[in-house]
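Every number for a ligand or one of its atoms is a count from 1 in the order of the listing.
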Amino acid sequence: MRKVAIGSDHAGFALKSFIVNNVTEVEFVDIGVFSEQKSDYPDQAQEVAKLVLERKTDFGILICGTGVGMAIAANRYKGIRAVNAQSGFVASMARKHNDANLLTIGSRVIAPQLALHIVKVFLFTPFEGGRHLKRIEKLDKLG
Ligand code: RB5
């Protein structure tokens with residue numbers, strides 16, 4: 001069973017709980033937060049990014065109000081390829097072409113049922129490799 005690190009700030013807490021309770025095909029490592037008490041998204045982004053980079057989980061999911069702050073924070077970690085997906089199509093292409101290893105979602109943007117769809121597409125769409133591989137390798141040489 002795939003292992004998935006998941007975290008949110010206060011704005012994403014309710015959607016995170018909904019995803020953890022409704023996606024039964026994977027094992028979640030839920031790093032919090034566990035209430036709607038105010039928190040800072042870089043803190044959860046750091047924890048989830050580390051679990052992915054240390055290969056303790058296969059993927060990461062981070063939820064905040066827009067998914068933007070979580071994506072900015074997670075993409076600061078070399079080796080993290082985070083996508084703020086707002087459709088199943090983008091989630092699928094992010095896996096097929098970009099080998100994205102971390103999904104961010106905006107709880108104030110994406111309705112719960114669409115979020116479930118995006119999560120499932122993301123977690124179960126394989127990377128196509130081939131011509132996309134050398135592009136992924138170039139990413140780690142940037143900056
Ligand atoms: C919190 O109000 C909000 O700023 C945060 O959840 C996120 O949307 C930031 O990108």
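Atoms of ligand 1 found under 4.0 Å from any heavy atom of Arg108, numbered from 1 in the order shown, are 1 (C), 2 (O), 3 (C). If you number the atoms of ligand 1 from 1 as listed, the ones under 4.0 Å from a heavy atom of Gly65 come out as 5 (C), 6 (O), 7 (C), 8 (O). The distance from ligand 1 to the heavy atoms of Thr66 drops below 4.0 Å at these ligand atoms: 8 (O), 10 (O). Taking a cut-off of under 4.0 Å to the non-hydrogen atoms of Ala11, the atoms of ligand 1 that pass are 6 (O).
The shortest heavy-atom distance from Met70 to ligand 1 is not under 4.0 Å.
Around atom NZ of Lys3, no more than 12 heavy atoms belonging to other residues, nucleotides or ligands sit under 6.0 Å away.
Contact between Val48 and Ile6 at its shortest, heavy atoms only, is CG2-C, 3.9 Å. Residue Ser8 comes nearest to Gln44 through the heavy atom pair O-CG, 3.1 Å, listed as atom of the first residue, atom of the second, then distance.
Taking hydrophobic clusters as Ile, Leu, Val, Met, Phe, Trp and Tyr residues chained together by side-chain heavy-atom distances below 4.5 Å, Val29 does not share a cluster with Ile63. Note: the hydrophobic cluster containing Val4 also contains Ile118 (ILVMFWY, side chain heavy atoms under 4.5 Å, direct or indirect links).
Residue Met70 holds its CE atom at 11.0 Å from CD1 of Ile105, rounded to the nearest 0.5 Å.
For residues 124-143, the set of pairs meeting the ring pair (Phe, Tyr, Trp, His ring centres under 6.0 Å) definition, not counting sequence neighbours, comprises His97-His132.
If you check which protein heavy atom lies closest to atom 6 (O) of ligand 1, you get Asp9 OD2, 2.6 Å. Given atom 9 (C) of ligand 1, the protein heavy atom at minimum distance is Tyr41 CE2, 3.6 Å. When only non-hydrogen protein atoms are considered, atom 10 (O) of ligand 1 lies nearest to Gly69 N, 2.9 Å.
The nearest protein heavy atom to atom 4 (O) of ligand 1 is not closer than 4.0 Å.
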